There are 2 protein chains.
Amino acid sequence: MSDLLERLRDRGWRLTAQRRVVAEVLDGDHVHYTADEVHARAAARLPEIARATVYNTLSELVSIGEVIEVSTDGRAKRYDPNARRTHQHLVCSGCGTIRDVHPSGDPLAGLPETERFGFTVSDATITYRGTCPQCAAG
Amino acid sequence: MSDLLERLRDRGWRLTAQRRVVAEVLDGDHVHYTADEVHARAAARLPEIARATVYNTLSELVSIGEVIEVSTDGRAKRYDPNARRTHQHLVCSGCGTIRDVHPSGDPLAGLPETERFGFTVSDATITYRGTCPQCAAG
DNA sequence: TCTTGACTTAGACAATGTCCAATGTAGGAT
DNA sequence: ATCCTACATTGGACATTGTCTAAGTCAAGA
C-alpha cells in the first residue's frame with residue numbers, strides 16, 4: 001500500500017476501491033490532472049466509478065492537505081499531489097505544460113508592510129509564465 | 001470621453017453604446033468585477049445589453065491589454081481595469097476582497113536559472129492570501 | 001456474520017462561458 | 001443628409017466544469 005493510502009487510513013478513511021484508484025492515479029510527483037482527467041484514468045481501472053465520487057475524493061484530499069488545487073488558466077482546476085514540499089508553478093503559454101518549481105527566498109518578503117493594508121498575509125501563490133523549449137523550437 | 005474610450009477609438013473600435021457602458025462600468029481603479037457583475041451594472045444603464053456582448057467586449061479589452069483577467073478563486077474570472085501599472089493581488093480568505101498591491105523587486109528574480117527548465121520566463125503572477133482587518137475583527 | 005453509518009451512484013441542476021444565425025447600426029462613402 | 005456594408009449585437013442553444021440529492025451499496029467494527 002502506498003504511503004498516501006496509509007495516511008488516509010490513519011485518518012479514519014474507509015478505503016474503498018474508488019478512493020484507491022483515485023489515489024493511485026495521483027500517485028507520482030509530476031502530474032497536474034484536471035478532475036475529468038483523473039476520472040478518465042480512474043475509470044480505466046474501475047469503469048463504474050462516478051464523476052461525483054472523483055470530485056468528492058479530490059475535495060477531501062485537498063481539504064486534508066494531501067493534494068493542492070491549482071488553477072493556472074481560469075478553466076478546470078488541476079490537482080497536484082506534490083503537496084509535501086511547498087512549490088510554485090511554471091506554465092508554458094504555448095502548450096499549457098505545468099512544471100513544479102522552487103523559487104529562492106520567502107515569497108511573502110516581497111510584499112512591504114505598507115502594501116499589506118492591515119491584512120495578516122499568510123501565503124503567496126506564484127505562477128510563472130513563459131515558453132517551454134519545445135514550443136520555442138516549434 | 002474617457003481616456004479608455006479614446007484609446008479604443010484610436011484602435012479602430014466602433015464606439016457602440018454597449019461598449020461605452022462596459023467601459024464606463026470598468027472605469028475606475030479598484031473594481032474587480034466578474035463578467036456577470038459587469039453585465040448587471042451595464043444593464044442598469046442599457047437594459048437590453050446581451051451577456052454575449054459583455055463577454056465579447058471584455059475579451060477584446062483583455063486581448064488589447066486594457067484590462068487584466070484575474071482568477072483568484074477558480075470560479076468566475078474577474079476583470080481588472082488597472083492594467084497600466086503592473087501589480088499583484090492580495091485576497092482575503094474570509095470575504096474574498098481583492099486589493100491591488102505592488103511588491104518590491106522583480107518577481108522573476110526569485111526563480112533561479114536551474115529552476116527554469118529551459119523555459120523563457122516572461123511573467124509572474126502572484127496572489128497573496130491572508131485575512132483582512134474586517135474579517136480578523138469579526 | 002451482521003449492522004450501520006459512511007460511501008457511491010446516476011442524473012438533475014447550477015454556474016460560467018462560447019457559439020451561431022439573424023438582425024441592427026456606426027461611420028465612411030456618396 | 002442619406003446610403004452601404006462590414007462589423008457589432010442579440011437571444012438562445014450549447015459546452016464545460018462543478019455541486020447536490022435520494023436511493024442503493026459496502027467496509028469495517030461488534
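Keep in mind that the numbers below use all heavy atoms, side chains included, and drop hydrogens, waters and symmetry copies. Bear in mind the structure is a predicted one, so any value in this text is a computation, not a measurement. Throughout, a chain's letter reflects where its sequence line sits, starting with A, and its residues are numbered from 1.
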Undergrad: C:dA6 C1' sits how many Å from A:N56 CG, rounded?
TA: 12 Å
Undergrad: Please work out whether the ring planes of A:H89 and A:H32 are parallel, tilted or perpendicular, with thresholds of 30° and 60°.
TA: perpendicular
Undergrad: So which one's nearest nucleotide on DNA chain D is more toward 5', B:G74 or B:T57?
TA: B:T57
Undergrad: Atom pairs, N/O to N/O, protein against nucleotides 11-15 of chain C, distance under 3.5 Å?
TA:
unit_1 : atom_1 : unit_2 : atom_2 : d
C:dA15 : O3'    : B:R75  : NH2    : 3.4

Undergrad: Donor-acceptor check, side chain of B:R129 to backbone of B:S93, threshold 3.5 angstrom: yes or no?
TA: no
Undergrad: Could you check which of D:dG18, D:dT10, C:dT8 has an atom nearest any side-chain atom of B:A50?
TA: D:dT10
Undergrad: What is the distance, to the nearest angstrom, from the CG atom on B:L58 to the P atom on C:dG17?
TA: 10 Å
Undergrad: Indicate yes or no: at least one non-hydrogen side-chain atom of B:T97 is less than 4.5 angstrom from one of B:Q134.
TA: no
Undergrad: Rounded to the nearest angstrom, tell me the gap between atom CD in B:Q18 and atom P in D:dC7.
TA: 17 Å
Undergrad: Which nucleotide in the list D:dG18, D:dT9, C:dT9 gets nearest to the side chain of A:I49?
TA: C:dT9
Undergrad: Under 4.0 Å from OP1 or OP2 of D:dT19: is there any side-chain N or O of A:Y55 that close?
TA: no
Undergrad: Output yes when a side-chain donor or acceptor of A:R19 lies under 3.5 Å from a complementary backbone atom of A:R14, and no otherwise.
TA: yes
Undergrad: Please write out each protein N/O paired with an N/O of nucleotides 25-30 of chain D under 3.5 Å, distance rounded to 0.1 Å.
TA:
unit_1 : atom_1 : unit_2 : atom_2 : d
D:dC26 : O2     : A:R14  : NH2    : 3.0
D:dA28 : OP1    : A:L15  : N      : 3.2

Undergrad: How many whole angstroms separate atom NE2 of A:H39 from atom P of C:dT8?
TA: 12 Å
Undergrad: CG/A:D36 to CZ/A:R41 distance, rounded to the nearest 0.5 angstrom?
TA: 11.0 Å
Undergrad: Which nucleotide sits closest to the side chain of A:T53: C:dT8, D:dA8, C:dG17?
TA: C:dT8
Undergrad: So does B:L61 get a backbone contact from the side chain of B:E66, meaning a donor-acceptor N/O pair under 3.5 Å?
TA: no
Undergrad: What is the distance, to the nearest angstrom, from the CZ atom on A:R19 to the C1' atom on C:dC7?
TA: 6 Å
Undergrad: Using whole Å, what does the distance between atom P of nucleotide C:dT18 and atom CG of A:D73 come to?
TA: 12 Å
Undergrad: Quick check with a 6.0 Å cut-off and a 45 degree axis cone: is B:R99 positioned over the face of A:F119's six-membered ring?
TA: no
Undergrad: Are the side chains of A:E37 and A:V31 in contact, using a 4.5 Å heavy-atom criterion?
TA: no
Undergrad: Would you kindly give the NZ-to-P distance between A:K77 and C:dT16, to the nearest whole Å?
TA: 11 Å
Undergrad: For the pair made of CZ in B:R78 and C1' in C:dT16, what is the distance, rounded to whole Å?
TA: 13 Å
Undergrad: Do any side-chain atoms of residues 45-57 of chain B form donor-acceptor pairs under 3.5 angstrom with protein atoms, and if so which ones, sequence neighbours left out?
TA:
unit_1 : atom_1 : unit_2 : atom_2 : d
B:R45  : NH1    : B:E24  : OE1    : 2.3
B:N56  : ND2    : B:A52  : O      : 3.3
B:T57  : OG1    : B:T53  : O      : 2.8

